[in-house]
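What follows is one structure encoded as structure tokens, with my remarks underneath.
Numbering of residues begins at 1 and proceeds along the displayed sequence.
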Amino acid sequence: MTHDQKEPTATYSQSEAPSLKTETAAEPKKRFEDLPPAAQRALLEADERRKQIDAKQDAMPDEINGRGGLEPTRYDDWEIKGLTVDF
């Protein structure tokens, strides 16, 4: 497809420009009890894994003059600011 140079492109003023915003009504937040059983099980298992990771983190000795913050290998992979870093 080629663009015909003789045909001008549409220009819009600031007030006429089409908006990309989508206004949707906020859906009510689902309660845990409303979720299917498989989803409930998955959430409970994820919560248990988080508790195990936190317990492992709390059991580690404090690092002296370290970088501070949470242990970057707490999810068995190097992580900084929520991003996994692979060397």
*For the residue pair D34 and R31, establish whether any side-chain heavy-atom pair is separated by less than 4.5 Å.*
yes
*asked:* If I compare all heavy atoms of E33 with all of Q40, which pair ends up nearest, and what's the gap?
replied: O-NE2, 3.5 Å
*asked:* Run the side chain to side chain contact (heavy atoms under 4.5 Å, CB included) test against K51 and tell me which residues pass, sequence neighbours left out.
replied: D47, E48
*With A39 via side chain to side chain contact (heavy atoms under 4.5 Å, CB included) - residues at least two apart*: L35, P36
*With sequence neighbours left out, write down each residue that passes side chain to side chain contact (heavy atoms under 4.5 Å, CB included) with A38, or none if nothing qualifies.*
R41
